[in-house]
Amino acid sequence: MNGINVNELTVKIKQKRTLRSLPDFFVRKEIAEYLGKHPDAGWREVFKFVRRKLHESYGAFQTRRKKKRYLYLEELEIVKEENGDKITRDGVVEEIRERILRTSVSSRERLEADYKNLYSQIRSVVGKFHSIMDLGSGINPVSFEPVEFRDVKIYSYDIDKNDTAFLNDYFKVMDLDGEARVLDIHDLDRVGKLPQVDVCLLFKVIDPLERRGHEFSEMLIERIRAKYIIVSFATKTITRRAMNHPQRGWFERMVTRLGMKFKTIRTKNEIYYLVKKT
Ligand SMILES: C[S@@+](CC[C@H](N)C(=O)[O-])C[C@H]1O[C@@H](n2cnc3c(N)ncnc32)[C@H](O)[C@@H]1O
């Protein structure tokens with residue numbers, strides 16, 4: 001790569017607004033991977049490829065409303081203060097949480113499809129759980145009803161620094177026993193060392209990561225230490241048309257081959273596989 005070094009190229013790639021909150025190491029890793037396969041590539045080629053790839057698996061889900069989240073969090077703090085420093089099951093709290101969820105594309109869609117109904121269906125299959133992990137979480141943990149999740153340990157991981165920082169602040173305000181960290185799901189060794197949990201969510205993350213092929217997903221499912229893994233896929237295309245084949249046949253065949261049983265839940269925009277790890 002002539003005329004520019006990896007650090008300079010990383011800065012250039014991150015100038016795109018939707019890629020700003022990616023950690024540098026993640027961008028550098030993608031550059032190194034491309035250069036590994038195309039050692040003679042010029043920087044413009046690397047720039048174009050890496051930026052497009054990162055945008056597809058990451059940037060396309062960002063909304064402009066992110067900045068508002070901290071304002072909403074302040075509102076939650078005020079409600080809590082007015083309520084004797086307690087978060088209760090409260091319509092105002094719920095309405096503010098909904099506004100936070102609307103700042104992300106996936107959780108906004110899930111709100112339209114009825115989050116509550118989804119969680120009650122999940123609970124009826126999974127039963128009572130004491131720990132939950134959300135991988136590639138975005139801000140999905142904001143959907144956990146705070147009183148219901150008071151005694152549940154929450155682990156949340158994403159590559160986006162802003163999402164994880166926001167979630168840590170949110171957990172504190174909501175008195176939830178949660179922690180959010182930056183993690184690259186491609187790092188399967190780290191995934192294998194994550195805490196053992198009752199339930200692990202992989203909502204709409206398999207498709208963006210799938211460019212590595214089904215093999216990667218298989219290793220990921222095997223490494224996660226959880227009693228249940230709940231994997232979801234979009235059933236609408238990016239242009240919001242219904243897919244002809246919303247089921248992921250390859251995924252069903254894969255978990256069956258691994259000797260795991262699953263149940264499915266269908267909502268307006270998504271299909272969920274509740275996979276029981278044995
Ligand atoms: C379509 S969004 C889904 C967010 C959330 N699971 C939901 O359904 O509301 C995909 C998420 O995966 C995260 N992501 C993409 N690549 C990742 C990686 N390599 N490691 C960790 N997270 C990643 C993105 O930052 C984004 O939050």
Side-chain angles (χ1 to χ4, degrees), residues 13-14 16-33 50-63 65-66 69 97-98 100-115 118-119 122 132-144 154-167 170 180-192 194 199-213 216-217 219-220 223-224 229-238 240 265 267-273:
I13 289 170
K14 285 182 63 176
K16 192 170 169 65
R17 187 183 50 82
T18 54
L19 301 181
R20 236 170 257 163
S21 54
L22 279 180
D24 289 357
F25 80 84
F26 189 66
V27 180
R28 282 200 300 265
K29 185 192 76 177
E30 293 291 346
I31 296 172
E33 213 169 88
V50 172
R51 205 171 66 157
R52 194 178 61 228
K53 186 168 166 189
L54 290 174
H55 180 72
E56 279 166 9
S57 64
Y58 167 85
F61 312 111
Q62 310 293 310
T63 71
R65 304 184 205 189
K66 274 191 169 181
R69 289 177 191 171
R97 282 175 44 239
E98 279 197 16
I100 298 177
L101 288 169
R102 282 184 199 285
T103 63
S104 132
V105 179
S106 314
S107 42
R108 186 169 66 216
E109 285 180 1
R110 217 167 281 126
L111 267 179
E112 286 164 20
D114 193 356
Y115 252 119
L118 170 70
Y119 285 134
I122 289 177
I132 191 164
M133 182 155 78
D134 200 334
L135 276 183
S137 63
I139 54 156
N140 181 61
V142 175
S143 68
F144 302 160
I154 304 166
Y155 302 95
S156 181
Y157 300 95
D158 201 282
I159 196 68
D160 187 312
K161 292 188 285 185
N162 286 352
D163 284 355
T164 51
F166 174 79
L167 280 176
Y170 172 83
R181 300 233 169 112
V182 169
L183 169 93
D184 176 8
I185 302 179
H186 292 138
D187 187 347
L188 289 173
D189 284 340
R190 264 198 78 194
V191 171
L194 295 178
V199 180
C200 173
L201 307 182
L202 275 170
F203 285 178
K204 282 172 121 178
V205 286
I206 294 275
D207 273 342
L209 297 175
E210 257 300 291
R211 54 192 163 75
R212 305 208 166 205
F216 171 77
S217 305
M219 288 191 284
L220 177 64
R223 291 286 175 97
I224 294 170
I229 304 180
I230 307 183
V231 178
S232 88
F233 298 94
T235 53
K236 292 244 167 85
T237 62
I238 292 188
R240 297 181 73 86
I265 297 175
T267 63
K268 216 166 107 194
N269 319 308
E270 239 166 310
I271 182 163
Y272 297 81
Y273 289 96

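Counting convention: from 1, in listed order, for ligands and their atoms alike. Everything quoted here is computed from the prediction, not taken from an experiment.
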Q: Ignoring angles and geometry beyond distance, decide whether Leu135 reaches within less than 3.5 Å of ligand 1 through its nitrogen or oxygen atoms.
A: no
Q | Polar side chain donor-acceptor pair, Asn140 to Ser107, under 3.5 angstrom | A | no
Q) Measuring from Leu118:CG to Arg110:CZ, what's the distance to the nearest 0.5 Å? A) 7.5 Å
Q) Should the proximity of Ile185 to ligand 1, defined as any heavy atom under 4.0 Å, be assigned to the side chain, the backbone, both, or neither? A) both
Q. Contact between Pro208 and ligand 1, counting heavy atoms under 4.0 Å?
A. no
Q: Kindly compute the distance separating CG (Leu194) from CG (Asp189), expressed to the nearest 0.5 Å.
A: 11.0 Å
Q: With atom 2 (S) of ligand 1 as the reference point, say which of Pro23, Gly138, Ser106 has the nearest heavy atom.
A: Ser106
Q | Residues Lys14, Asp24: salt bridge by 4.0 Å N-O rule | A | yes
**Q.** side chain to side chain donor-acceptor pair (under 3.5 Å) between Asp160 and Ser21, worked out
**A.** CA-CA 6 Å; Asp160 187 312; Ser21 54; 3.1 Å; yes
**Q.** Sidechain N-carboxylate O distance under 4.0 Å for Asp187, Arg223
**A.** no
Q | Contact (N/O only, under 3.5 Å) between Asp160 and ligand 1 | A | no
(Q) Can you classify the ring geometry of His186 versus Phe26 as parallel (below 30°), tilted (30 to 60°) or perpendicular (above 60°)? (A) parallel
Q. Is there any N or O on Leu209 that sits under 3.5 Å from an N or O of ligand 1?
A. no
Q | Heavy-atom proximity to atom 21 (C) of ligand 1, best of Val182, Leu183, Asp184, Leu202 | A | Leu183
Q | Asp134-ligand 1 polar pair, N/O distance under 3.5 Å | A | no
(Q) I'd like to know if Phe26 contacts ligand 1, where contact means a heavy-atom distance under 4.0 Å to any ligand atom. (A) yes
